[in-house]
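Step one of this worksheet: look at the structure below.
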There are 2 protein chains.
Amino acid sequence: MSIAEQWLAEPVLSWMKPSNADSDVVLSSRIRLARNLSGIPFPNRADGKQLAQVVTQVDDVIPELEKSGHQYAAIRLDSLNPLERFVLVERHITSPGHVEEPCERSIILRDDAAVSILVNEEDHLRIQCMRPGLDLAEAYVNANSIDDMLESQLDFAYSEQLGYLTSCPTNIGTGLRASVMLHLPGLVLTKQIQRMVSAATQLGMAVRGIYGEGTEASGNMFQLSNQLTLGYSEQEIVDNLTSVARQVVEQERGARGALLADAGVSLTDRIWRAYGVLRFARSISAQEALALLSEVRLGVDLGILDAVEAQVFNELLVTIRPHYLIKQYGKPEYDAAERDQLRARVIREKLAQASQTKTEQDGEEL
Amino acid sequence: MSIAEQWLAEPVLSWMKPSNADSDVVLSSRIRLARNLSGIPFPNRADGKQLAQVVTQVDDVIPELEKSGHQYAAIRLDSLNPLERFVLVERHITSPGHVEEPCERSIILRDDAAVSILVNEEDHLRIQCMRPGLDLAEAYVNANSIDDMLESQLDFAYSEQLGYLTSCPTNIGTGLRASVMLHLPGLVLTKQIQRMVSAATQLGMAVRGIYGEGTEASGNMFQLSNQLTLGYSEQEIVDNLTSVARQVVEQERGARGALLADAGVSLTDRIWRAYGVLRFARSISAQEALALLSEVRLGVDLGILDAVEAQVFNELLVTIRPHYLIKQYGKPEYDAAERDQLRARVIREKLAQASQTKTEQDGEEL
């Protein structure tokens, strides 16, 4: 199976696995570096020939990248069908903007999908490194080493005064965007989420939905990232965001603890009902499924519900997305109603597989 | 186990079992005859001594009744605790009015609980005969034969002109009230229920909740009964109600068929979700449980859901009632929240027992 086929099929990539002490709140960490080749206009200004030149130059660096021991695949976006391109977005391998106009655009993807280099997105290159849990430091080490390999072969646009030059001024300087994907059902249910968002904003952070700018939060998942890329060192940005993320993690744990103490039975009831609906529904939208999965995951993290493991949640997060769902289990001609039925069936089957009938039937005895 | 203990414990009495061709809509049929002893004031006017006289006179008829081969128990209401009295009401063995003032009031109960004689309810005697499904004719045959046995021993207040005299003029004449307990989710969901109620009312019938006058319909269950007791023969009343009930059965089946045709997936989804919530909820009110059980029973009748049998529904109908629930599974000191948790647990356990994991996981494949 080629790398390209593998990321289309495998639901849980390495960086999606609950792994470290903060995995109860932080689903994953990401470092993204924006880089541009000097002497070529930014992608929004470049013509087809110039874009093609960027693609070729980046392709040529692959042998250098592979000295690290990892394999890389160069995936031309126009070699994929629209469904496959959207699956890439759903899997956080690339961005919605990148797949909009697939010509002369590509992704250099590492075999474990934890590193991807988006070619001719908003910038010529965007280096993305993903890690499970809260682990921006390690993600930054990876990104930095890839940046070094690339820089040894490519001439990046750089100003002594401004740092790395980028298509959008908000990325100028370090070109670094650090972000963490957070699961915050506690803060949402205790209605503290707005206060957290305000506080994070005041600390120079942005809080967004899980597909970045302009997307809504769903399933109580949020992306926390740095706003400023200029005036701080890379290490400062990473340390800063890590520190804010840790505070959010503590707040979220506090909120969960309070929920459990104040609303023990009603919370337990709510979580098990969410599980019951997912386990037996015959039709379900992605939005509702995300909301219910979020409650089930909360139940797993709080030790209320042991019929499934946290990883099943992470797997279903991907599986229920419209395009991945159709690609893996359906047919492109399915309409929305058929897709909702298919989603319900896939969820039922995964949960039935995952559950041990014993634990399902156990409940706190009165 | 005495008869009295038996009806407190056994959830499904003989007349609650789905039995005949109309059991998909008609849960049970009941004939009730109102009779009074001549020379003694009606219960609302009688003093304690007179009431006691009625109780004794009726007790004395038991040997005559037992010539039929059945055993009968005389249960003094003041020998029961309040919880046990309410259980009697929940089980439709007596009425809410009968247990309000338990002194000098009793029930003569046949061993299968299909016949009960309420002593000193609104009238001195109310003979109740229950049958499963739509079977008023047989219930009337039973009631009539018991009436004959009683009349051979007791002197009933009777006027040549008016017929049997009763405490309330609405019962005068035959003293006969025939009623059927209907499960009408189809008519409710298709919003035809009001039209059915109006039509039945115009035909001289009353439509009420399942605990009779003044009670609300819950779980899509309704009691259909004759309004008039005077001016028709017993047989006419029974035939009339049977005929109206048959029409309602046909309407209900039509509504279910239409639902299945028009809203196949969404109906199926709704039914399975109801099942999912019942299967896993940790707290549930009687009202909500009834509503969800009604949907599950509809699913069973439509062949959508085969994880449980119709009889489990009938059993749960009784089990989830507040007093029966506490009597069988709980403690009298439970508060409402504890009762809701206990109810959820009992439902979970019964459904888990009843379900075969295989059928639960089956679903219509897309």
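For a residue to count as touching a neighbouring chain, one of its non-hydrogen atoms must lie under 4.5 Å from one of that chain's; by this rule B/Ile284 touches chain A with backbone and side chain alike. Neither the backbone nor the side chain of A/Leu278 comes within contact range of chain B; no heavy atoms are under 4.5 Å apart.
For A/Glu100, there are no salt bridge (Lys or Arg N to Asp or Glu O under 4.0 Å) partners, not counting sequence neighbours.
Between atom CG of residue A/Leu305 and atom CZ of residue B/Phe280 there is a gap of 8.5 Å, rounded to the nearest 0.5 Å.
For A/Arg256, the CZ atom counts as densely surrounded, since its 6.0 Å shell holds more than 12 non-hydrogen atoms of other residues, nucleotides or ligands. Residue A/Phe86 qualifies as open at atom CZ: its count of foreign heavy atoms under 6.0 Å is 12 or below.
Ranked by heavy-atom pairs shorter than 4.5 Å toward chain A, the options B/Gly276, B/Ala344, B/Ala274 are led by B/Gly276.
Sorted by first and then second residue, the salt bridge (charged side-chain N to carboxylate O under 4.0 Å, His left out) pairs involving residues 259-269 of chain A (not counting sequence neighbours) are A/Asp269-A/Arg273.
Of all the heavy atoms in A/Val265 and B/Arg282, the pair that sits closest is CG1-O, 4.4 Å.
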